[in-house]
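What follows is a set of notes on a single structure, which appears directly below.
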There are 2 protein chains.
Amino acid sequence: MDNKDFFHKFVAFLTAVHQVTHEVTKDVKSDDLTPVQYSILEYIAVSQPVTLSQISDCQHMSMPNTSREIKKLSEKNLCEKFAVAEDRRKQYVRLSTEGEAMMNDAFTRIEARFMHRLKDASQEELEEIERALDVLHTKLFYSGKS
Amino acid sequence: MDNKDFFHKFVAFLTAVHQVTHEVTKDVKSDDLTPVQYSILEYIAVSQPVTLSQISDCQHMSMPNTSREIKKLSEKNLCEKFAVAEDRRKQYVRLSTEGEAMMNDAFTRIEARFMHRLKDASQEELEEIERALDVLHTKLFYSGKS
DNA sequence: CGATTTGCTTATCAAATGATAAGTAAAGAG
DNA sequence: CTCTTTACTTATCATTTGATAAGCAAATCG
């Protein structure tokens, strides 16, 4: 298999992943969240506590816009800021109790859809899938550097 | 490994894929295209010819908005509509010569970044990656039905 | 110490996006 | 031959998003 075919397979795979991501997360977010706000909450849920700068970097948005969205989310009582002991310029953000509840609910529904996709897989297939996830994560979808 | 760990691995993988997708496609689009317009062009490039309805479905946007964006892309001479012989209500869309050139250029740059990620992989690792792509594509990131 | 940099905020603006209403023409159904 | 449905268009509007300017306080540098 030459580079061109390999690349084509890669593109088809990315398309499939994005498609499935959409299916699996469709309608899980509350209606009074914008897509950007939901995405930020997902990031906080997985990585908390995070600073505003980290959100800005990882969500590819400017600091002013990040600040604005976090402010809105705080006003909706979904997250809260608190001081970083070592550096008083920084602010950590974490989910509020209400935010945790909302995100737990969202992840539960996503997990159910994910499991539904695997419902016909045998034990060996599940192990095969797990190994494949590891291989791609470490060898192709690794992050940063190099 | 229980369901919870498996799901966690899945989420981490999705995050990594989206992150790498972003890195690999960063700045490939011309500045006078909006993100939505570039995304439509990518879809057309891979699937042409496509009808407006197909674009609407796959890009998850309403027909009126699809029509508007295709009109803008046509005015920029990046794609063109033509009649479908069997059904005169439908319109096919394909890239124009200029659109093809632009997308070839974009894909070439994406491919270079993709290959760069694999530059240290041995032949066996490449084969392993390819098998992993196949496994996940067919068993986890398959589309539709069920 | 003073100067610069970092982390964040507020304010403002323009552009992109999403949603809806209303209309046309062709195709298909009864 | 009507009636309905499908495919698309145009117009309009509210909201979201992205970008920029200006400012402040804490940290760091020389």
Side-chain angles (χ1 to χ4, degrees), chain A residues 18 21-22 25-44 47-76 78-94, chain B residues 18 21-22 25-44 47-76 78-94:
Chain A
H18 286 266
T21 301
H22 179 265
T25 57
K26 188 160 65 173
D27 301 327
V28 296
K29 75 168 194 49
S30 144
D31 281 342
D32 66 62
L33 288 179
T34 69
V36 167
Q37 286 168 1
Y38 175 77
S39 172
I40 292 173
L41 286 181
E42 264 194 349
Y43 175 64
I44 298 173
S47 312
Q48 62 188 332
V50 288
T51 65
L52 279 276
S53 299
Q54 287 176 297
I55 297 171
S56 171
D57 286 348
C58 295
Q59 300 287 120
H60 315 110
M61 54 194 293
S62 67
M63 274 297 292
N65 293 334
T66 304
S67 181
R68 175 185 61 199
E69 296 309 321
I70 292 297
K71 188 179 179 189
K72 288 182 188 168
L73 288 170
S74 298
E75 283 161 359
K76 293 178 188 190
L78 295 171
C79 70
E80 50 202 23
K81 293 184 242 185
F82 62 101
V84 175
E86 316 82 57
D87 188 336
R88 290 194 305 167
R89 289 170 304 182
K90 296 185 181 177
Q91 295 268 115
Y92 273 141
V93 183
R94 73 180 154 220
Chain B
H18 287 266
T21 301
H22 179 264
T25 57
K26 188 162 65 176
D27 300 327
V28 296
K29 74 167 195 54
S30 146
D31 281 343
D32 66 63
L33 287 179
T34 69
V36 167
Q37 285 167 2
Y38 174 76
S39 171
I40 291 173
L41 286 180
E42 265 194 348
Y43 174 65
I44 298 173
S47 313
Q48 62 186 330
V50 287
T51 64
L52 280 276
S53 299
Q54 287 177 297
I55 297 171
S56 171
D57 285 349
C58 295
Q59 300 288 303
H60 315 109
M61 53 195 290
S62 68
M63 274 295 292
N65 293 335
T66 304
S67 181
R68 174 183 64 200
E69 296 309 320
I70 291 297
K71 188 179 178 187
K72 288 182 188 167
L73 289 170
S74 298
E75 282 161 359
K76 292 180 189 191
L78 295 172
C79 68
E80 51 202 21
K81 293 185 240 182
F82 62 102
V84 175
E86 317 81 58
D87 188 335
R88 291 194 304 167
R89 288 170 305 181
K90 295 185 182 176
Q91 295 269 113
Y92 271 141
V93 183
R94 73 179 155 220

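Numbered from 1 within each chain, the chains take letters A, B, ... in sequence-line order. Reckoned from all heavy atoms, side chains included, excluding hydrogens, waters and symmetry mates.
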Collect all protein-nucleotide pairs involving nucleotides 27-30 of chain D in which both atoms are nitrogen or oxygen and the distance is under 3.5 Å.
{"from": "dA27(D)", "atom 1": "OP1", "to": "Arg88(A)", "atom 2": "N", "distance (Å)": "3.1"}
{"from": "dA27(D)", "atom 1": "O4'", "to": "Arg89(A)", "atom 2": "NE", "distance (Å)": "3.4"}

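With contacts defined as side-chain heavy-atom distances shorter than 4.5 Å, the pair Tyr92(B)/Thr51(B) qualifies.
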Open item on the list: Counting primed atoms plus P, OP1 and OP2 as sugar-phosphate and everything else as base, spell out the protein contacts along nucleotides 9-19 of chain C at 4.0 Å heavy-atom distance: B, S or - for each nucleotide, 5' to 3'.
Closed with: BBBB---SBBB
Task: Leu41(B) and Lys29(B): CA distance, side-chain angles, deciding distance, side-chain contact (heavy atoms from CB on, under 4.5 Å) verdict - done: CA-CA 10 Å; Leu41(B) 286 180; Lys29(B) 74 167 195 54; over 6 Å; no
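No more than 12 heavy atoms of other residues, nucleotides or ligands sit less than 6.0 Å from atom NZ of Lys90(B).
Under the 30°/60° scheme for interplanar angles, the aromatic rings of His22(A) and His60(B) are found to lie parallel.
With hydrogens and angles disregarded, a donor-acceptor distance shorter than 3.5 Å links the side chain of Ser56(A) to the backbone of Met61(A).
Rounded to whole angstrom, the span from the NZ atom of Lys76(A) across to the C1' atom of dT16(D) amounts to 11 Å. For the pair Asp31(A) CG and dT15(D) C1', the interatomic distance rounds to 14 Å; values are reported in whole Å.
Nucleic acid contact class of Ser56(A) (heavy atoms, under 4.0 Å, all strands): none.
One distance of note links CD of Glu42(B) with CD1 of Ile44(B); it measures 11.0 Å at 0.5 Å rounding.
Gln59(B) and Thr66(B) share no side-chain donor-acceptor pair at under 3.5 Å.
For the helix from dC1(C)-dG30(D) to dG30(C)-dC1(D), the end axes, each set by the C1' atoms of five terminal pairs, are bent relative to each other by 40° (nearest 10°).
For Gln37(A), the side chain to side chain contact (heavy atoms under 4.5 Å, CB included) partners at least two apart in sequence or on another chain are Leu33(A), Thr34(A), Glu69(A), Lys72(A), Leu73(A), Lys76(A). For Arg89(A), the side chain to side chain contact (heavy atoms under 4.5 Å, CB included) criterion is met by Asp87(A), not counting sequence neighbours. In this structure, the side chain to side chain contact (heavy atoms under 4.5 Å, CB included) partners of Gln91(B), at least two apart in sequence or on a different chain, are Leu52(B), Lys81(B).
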